[in-house]
Amino acid sequence: MAASDVAVGIIFLSQTVVGALGNSSLLLHYLVLYFTGCRVRHTDLMIQHLIVANLLTLLCRGVPQTVAAFGVKDFLSDVGCKLLFYLHRVGRGVSIGSTCLLSVFQAMKISPENSSCSELKVKAPKYIGVSIYLSWILYLLVNIIIISHMTGKRSNNNITSMKDFEYCSSVPYHRTTDSLHAALLTFPDALCVGLMLWASSSMVLILHRHKQRMKYVHKTSSPRSSPESTATKNILLLVSTFVSFYTLSCIFQVCMIVIYNPHWLLVKMGAIVAGSFPALSPFLLMRRDSSASRLSLSGIRNRKIPNVRRNV
């Protein structure tokens, strides 16, 4: 076994274990809140579906990639390859869709009362569940085409015109068909990235304006960052991480669909990038939720004791 294969296997294993533990602990946190009768926010449903989608993405790609990197190649049948690739694509799609919905909903939630989103702010919570389940249905349908493409390597030893994905193979079609396939799979992702950029930019602008109006509250405080600044930085961190990894993932995805016989390094890099955001997102969500809680608590305290000077 080559040293490069061992190194890649360790990367896949670390990414999968860390990501699975992070997502599982966050999911357990929400389950505990649910069963103890604690009041949850409207965004919690989207985060729970995001966690499930992240776990699906990590396990369906990270586990077989780790096994293949350590030298076991032909361990999946046709059904196994079709199922794992299909579930990975569905999980990846729902992950990006849930993150997009989360950002759009939060942008509407913190928008001013006199903005154009004031009516949507009231109606939006009613459609959260419907939007999430429609996202699952959309990606379940869009990715059905993958089932016809993927096949196990064990049953194709005598076929040379196959795209090699280490533990599975893909049947190449006409270049035009592959291009249309790439466009069909990429369009929803590009739309979600655009919506998330718009929503996150709106949130940053709203928080900046709020910070400017509240300067007189913070100028007697210590030089620590205000809750608004902390929330803004966390939003920018989440957005930059999301856009960076998913843009790279889309590029690798298109390359692997269009290129007739992708290089093994392209396949492995694409798999690592595809698993990076699902592995990191639970930790970013924990940090952002913590900041949002501090911001809300600060606002409640300011409303309750407006004339009292507090030392922070």
Side-chain angles (χ1 to χ4, degrees), residues 23 43 45-61 82-108 120 124 127-150 165 170 173 175-203 238-259 270-281 284-285:
N23 283 283
T43 55
L45 178 63
M46 289 180 277
I47 295 177
Q48 290 166 19
H49 282 267
L50 173 61
I51 294 168
V52 174
N54 285 342
L55 285 171
L56 201 62
T57 304
L58 284 168
L59 297 178
C60 289
R61 178 60 69 88
K82 293 178 187 296
L83 185 62
L84 283 181
F85 267 80
Y86 177 67
L87 292 178
H88 170 262
R89 286 293 312 171
V90 172
R92 180 186 181 278
V94 175
S95 176
I96 188 174
S98 299
T99 309
C100 176
L101 289 172
L102 177 64
S103 299
V104 172
F105 178 79
Q106 287 183 329
M108 291 189 294
L120 289 174
Y127 301 102
I128 290 177
V130 175
S131 300
I132 290 292
Y133 292 116
L134 283 177
S135 176
W136 279 100
I137 293 172
L138 171 64
Y139 285 103
L140 283 169
L141 294 176
V142 168
N143 291 286
I144 286 179
I145 191 172
I146 292 179
I147 296 177
S148 63
H149 278 255
M150 302 309 302
F165 292 101
S170 175
Y173 289 96
R175 186 171 294 274
T176 303
T177 305
D178 284 343
S179 300
L180 291 174
H181 178 207
L184 177 65
L185 294 179
T186 305
F187 176 74
D189 291 357
L191 180 62
C192 287
V193 169
L195 286 173
M196 187 176 179
L197 284 173
W198 166 80
S200 300
S201 300
S202 300
M203 284 189 283
L238 183 67
V239 172
S240 60
T241 305
F242 176 91
V243 173
S244 298
F245 283 123
Y246 270 95
T247 300
L248 286 173
S249 181
C250 287
I251 294 173
F252 280 114
Q253 171 189 312
V254 171
C255 290
M256 284 187 287
I257 291 175
V258 175
I259 296 176
I272 292 173
V273 171
S276 296
F277 183 78
L280 291 174
S281 63
L284 299 178
L285 286 168

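Count residues from 1 along the sequence. These values consider heavy atoms only, across backbone and side chains, with no hydrogens, waters or symmetry-generated copies.
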Among Asn143, Leu138, Ile137, find the one that has a side-chain contact (heavy atoms from CB on, under 4.5 Å) with Leu141. Ile137
Look only at the side chain of Thr57 and the backbone of Arg92, and say whether a donor-acceptor pair between them is shorter than 3.5 Å. yes
Got a second to check how far Ile96's CD1 is from Leu50's CG, nearest 0.5 Å? 11.0 Å
Please report the closest heavy-atom contact between Val94 and Tyr139, naming both atoms and the distance. N-CD1, 3.9 Å
Does Tyr246 use its side chain to pair, donor to acceptor, with the backbone of Ala190 at less than 3.5 Å? no
Between Leu87 and Leu56, which heavy-atom pair has the shortest distance, and what is it? O-CD2, 3.5 Å
Considering only heavy atoms from C-beta outward, does the side chain of Ile132 approach that of Ser98 to under 4.5 Å? yes
Donor-acceptor pair, Ser249 side chain versus Phe245 backbone, under 3.5 Å? no
Rounded at 0.5 Å granularity, tell me how far CD1 in Ile47 sits from CG in Leu101. 12.0 Å
Provide the closest heavy-atom pair for Gly97 versus Ser135 in the form atom of the first, atom of the second, distance. CA-OG, 4.2 Å
Might you point out which heavy atoms bring Tyr86 and Ile146 nearest each other, and give the distance in Å? N-CG2, 4.3 Å
Between Met196 and Cys100, which heavy-atom pair has the shortest distance, and what is it? N-SG, 4.3 Å
Ser281 and Asn54 have their tightest heavy-atom pair at OG-ND2, 2.8 Å
If you measure from CZ on Phe252 to CD1 on Ile272, what distance do you get to the nearest 0.5 Å? 9.0 Å
Which distance, rounded to the nearest 0.5 Å, do you find between the NE2 of His49 and the CD1 of Ile128? 10.5 Å
If only atom types and distance count, is the side chain of Thr99 paired as donor or acceptor with the main-chain N or O of Ser95 below 3.5 Å? yes
Nearest 0.5 Å, please: how far is CG in Leu83 from SG in Cys60? 7.0 Å
